[in-house]
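Numbers for residues simply follow the sequence, beginning at 1.
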Amino acid sequence: GRSGGPVGLFSLAGVKYTTARAVAARTLRAVFSASLRPVRDTERRRPTFRRRLGFDELDCMLREGNPEGISYLGELSREEAVVCAEDLVYRRTDWASDPKFDSEVVTRVAKTLGIRTAFAEEKTS
């Protein structure tokens, strides 16, 4: 409106991931003319699980059908918003860097979570 455009129109473009939170807060303040306090680090949502399991420990739990391992895997999958088993194993954890890592773990993870594997999808395409 100040530059001759429509009054009450807000436009936002080119926001970097690292500054998006601050830009969103400034935008909301402008839109609603209210002071919004930034969320403190202590108020941010914490993961539902406290301890990260290493590959060896989790793999052993999955092989044994341990409910704790299955529950952990489900929570981790939801928390990390995984798309497929490979996404969880290779991108969201460091399990593949373990010397004992076996590519069959991807299949076990997929079966445990009831999710697909990208490899299986490629074979059908």
Side-chain angles (χ1 to χ4, degrees):
R2 288 183 285 195
S3 304
V7 176
L9 178 66
F10 291 87
S11 179
L12 192 56
V15 178
K16 293 189 304 185
Y17 178 75
T18 55
T19 61
R21 185 180 183 88
V23 171
R26 284 196 313 270
T27 303
L28 288 172
R29 272 194 295 276
V31 170
F32 295 107
S33 299
S35 65
L36 299 175
R37 67 175 181 79
V39 177
R40 295 184 192 130
D41 285 340
T42 56
E43 296 172 334
R44 289 194 178 134
R45 185 170 176 258
R46 299 282 186 236
T48 54
F49 49 90
R50 297 284 180 229
R51 176 172 76 101
R52 292 269 183 188
L53 294 179
F55 164 73
D56 201 32
E57 186 177 5
L58 180 70
D59 191 44
C60 184
M61 289 177 152
L62 292 180
R63 286 176 190 266
E64 295 171 357
N66 182 314
E68 182 185 347
I70 295 167
S71 173
Y72 174 85
L73 196 58
E75 289 175 16
L76 181 61
S77 175
R78 284 186 296 281
E79 186 71 30
E80 295 292 333
V82 299
V83 175
C84 62
E86 290 87 350
D87 185 29
L88 177 65
V89 172
Y90 295 113
R91 294 187 190 110
R92 315 292 179 158
T93 68
D94 62 353
W95 298 336
S97 64
D98 190 300
K100 298 176 188 169
F101 179 78
D102 171 1
S103 61
E104 285 298 311
V105 78
V106 175
T107 304
R108 282 194 293 282
V109 165
K111 284 181 182 176
T112 301
L113 293 174
I115 60 176
R116 66 182 175 81
T117 64
F119 180 69
E121 188 174 278
E122 287 175 9
K123 286 166 74 175
T124 60
S125 300

Residues forming a side-chain contact (heavy atoms from CB on, under 4.5 Å) with N66, sequence neighbours excluded: M61, E68
side-chain contact (heavy atoms from CB on, under 4.5 Å) assessment of V83 paired with R116: CA-CA 8 Å; V83 175; R116 66 182 175 81; 3.3 Å; yes
OG1-CG distance between T112 and L73, expressed to the nearest 0.5 angstrom: 6.0 Å
Pairwise distance CG(L53) to CG(D59) - rounded to 0.5 angstrom: 11.5 Å
With E64 via side-chain contact (heavy atoms from CB on, under 4.5 Å) - residues at least two apart: C60
From CD (E80) to CZ (R91), nearest 0.5 Å: 12.5 Å
Shortest non-hydrogen contact between F55 and D102, atoms and distance: CZ-N, 4.0 Å
Under the side chain to side chain donor-acceptor pair (under 3.5 Å) test, residues paired with R78 that sit two or more places apart: none
Distance, nearest 0.5 Å, that separates CG of L76 from OG1 of T93: 7.0 Å
Salt bridge (Lys or Arg N to Asp or Glu O under 4.0 Å) involving D56 - partner list, sequence neighbours excluded: K100
Side-chain touch L88/L113, heavy atoms, less than 4.5 angstrom: yes
Partner residues of R26 under the side-chain contact (heavy atoms from CB on, under 4.5 Å) criterion, sequence neighbours left out: A22, V23, R29
Contact summary for A85 and I115, nearest pair of heavy atoms: N-CD1, 3.5 Å
W95 vs L58 side-chain heavy atoms within contact, under 4.5 Å: yes
Euclidean distance, T107 OG1 relative to E104 CD, rounded to 0.5 Å: 4.5 Å
Partners meeting side-chain contact (heavy atoms from CB on, under 4.5 Å) with S71 (sequence neighbours left out): E75
